[in-house]
Amino acid sequence: MISDLWPLMQKTFTRAAASILVIGSLALLVLIVTYNSNTVVGAGYYGSNSQSPIILAGQGIVKNTIQLSAKLDNSVSPPFRWVNPTSGVINPTLNFKANTNQTIQIQNPTDFKHQFIIDQNGKQLATSGDIAAGSSGQVSFKPNMIGTFGYHCLYHPTTMKGIIQVQ
């Protein structure tokens, strides 16, 4: 009787081992994805386009960081805008604290290059440098006074522009 059950037990054991292997592989994948989401590429100096990774402690959140993305928008000419990828707000007003380093991380999913520039009264204060099509970049800025600043794209200044309020 046991000899009759042995092939069934072997098949069940093999299926269980395969299931454990699949579950273990998925768990490893989740760990890798979680590790990568806690890594920020390009945190660095003013106007840096650096691609050196920095591992962040804790939750993978960088203080004083704003996310923006270039967006194709055929309702305007030239057909581009800055957009907050979380809220969807077009050319949002950015709120900064004086004497605090702020980082703007920029995604460019479009087929054209962009360059994020922070200015005041026509004077350029910080830039991301060129952000190639399908790439990303960033700009860091530490305003030393309260006031209003502007931001725009070097290549599309009439449609990719907004205000920075510094408190």
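Nearest heavy atoms, Gln120 versus Leu125: CB-CD1, 3.8 Å.
At least one side-chain heavy atom of Pro143 sits less than 4.5 Å from a side-chain heavy atom of Phe149. In this structure, the side chains of Ser69 and Trp82 stay at 4.5 Å or more apart for every pair of heavy atoms. The closest side-chain heavy-atom distance from Val139 to Thr127 is not below 4.5 Å. At least one side-chain heavy atom of Pro92 sits less than 4.5 Å from a side-chain heavy atom of Leu68. Two residues are said to be in side-chain contact when any heavy atoms from C-beta on lie closer than 4.5 Å; Asn99 and Lys97 fail this criterion. For the pair Ile104 and Phe96, the minimum side-chain heavy-atom distance is below 4.5 Å. The closest side-chain heavy-atom distance from Phe112 to Leu72 is not below 4.5 Å.
Between Ile118 atom CD1 and Gln102 atom CD the span is 9.0 Å, to the nearest 0.5 Å. One finds the CD1 atom of Ile117 at 7.5 Å from the SG atom of Cys153 (value rounded to the nearest 0.5 Å). Here Gln105 contributes atom CD and Gln107 contributes atom CD; the two are 8.0 Å apart, rounded to the nearest 0.5 Å. With rounding to the nearest 0.5 angstrom, the CD atom of Gln115 is 8.0 Å from the CD1 atom of Ile131.
Among pairs with a residue in residues 144-154, those fulfilling side-chain hydrogen bond (donor to acceptor under 3.5 Å, both in side chains) read Asp119-His152, Thr148-Gln165, at least two apart in sequence or across chains. Pairs of residues two or more places apart, or lying in two chains, never qualify as salt bridge (Lys or Arg N to Asp or Glu O under 4.0 Å) while including a residue from residues 143-157. Judged as a salt bridge (Lys or Arg N to Asp or Glu O under 4.0 Å), not a single pair has a partner in residues 100-112 (not counting sequence neighbours). Legend: side-chain hydrogen bond (donor to acceptor under 3.5 Å, both in side chains) pairs involving residues 153-162, not counting sequence neighbours, sorted by first then second residue: His114-His156, Asp130-Tyr155.
Residues passing the side-chain contact (heavy atoms from CB on, under 4.5 Å) test with Ser77, sequence neighbours excluded: none. Not a single side-chain hydrogen bond (donor to acceptor under 3.5 Å, both in side chains) links Gln124 to another residue, sequence neighbours left out. With sequence neighbours excluded, the residues satisfying side-chain hydrogen bond (donor to acceptor under 3.5 Å, both in side chains) with Asp73 are Ser75, Arg81.
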Worked verdict on Ile164 versus Thr93 for side chain to side chain contact (heavy atoms under 4.5 Å, CB included): CA-CA 6 Å; Ile164 298 172; Thr93 296; over 6 Å; no
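Alongside Ile146, the hydrophobic cluster contains no other residue (criterion: ILVMFWY side chains under 4.5 Å). In this structure, Ile90 belongs to a hydrophobic cluster whose other members, linked by side-chain heavy atoms under 4.5 Å apart, are Val83.
In the hydrophobic clustering of this structure, Met145 does not group with Ile163; members are Ile, Leu, Val, Met, Phe, Trp, Tyr whose side-chain heavy atoms approach within less than 4.5 Å, directly or through other members.
Not one N or O on the side chain of Asn108 forms a donor-acceptor pair closer than 3.5 Å with the backbone of Ser136.
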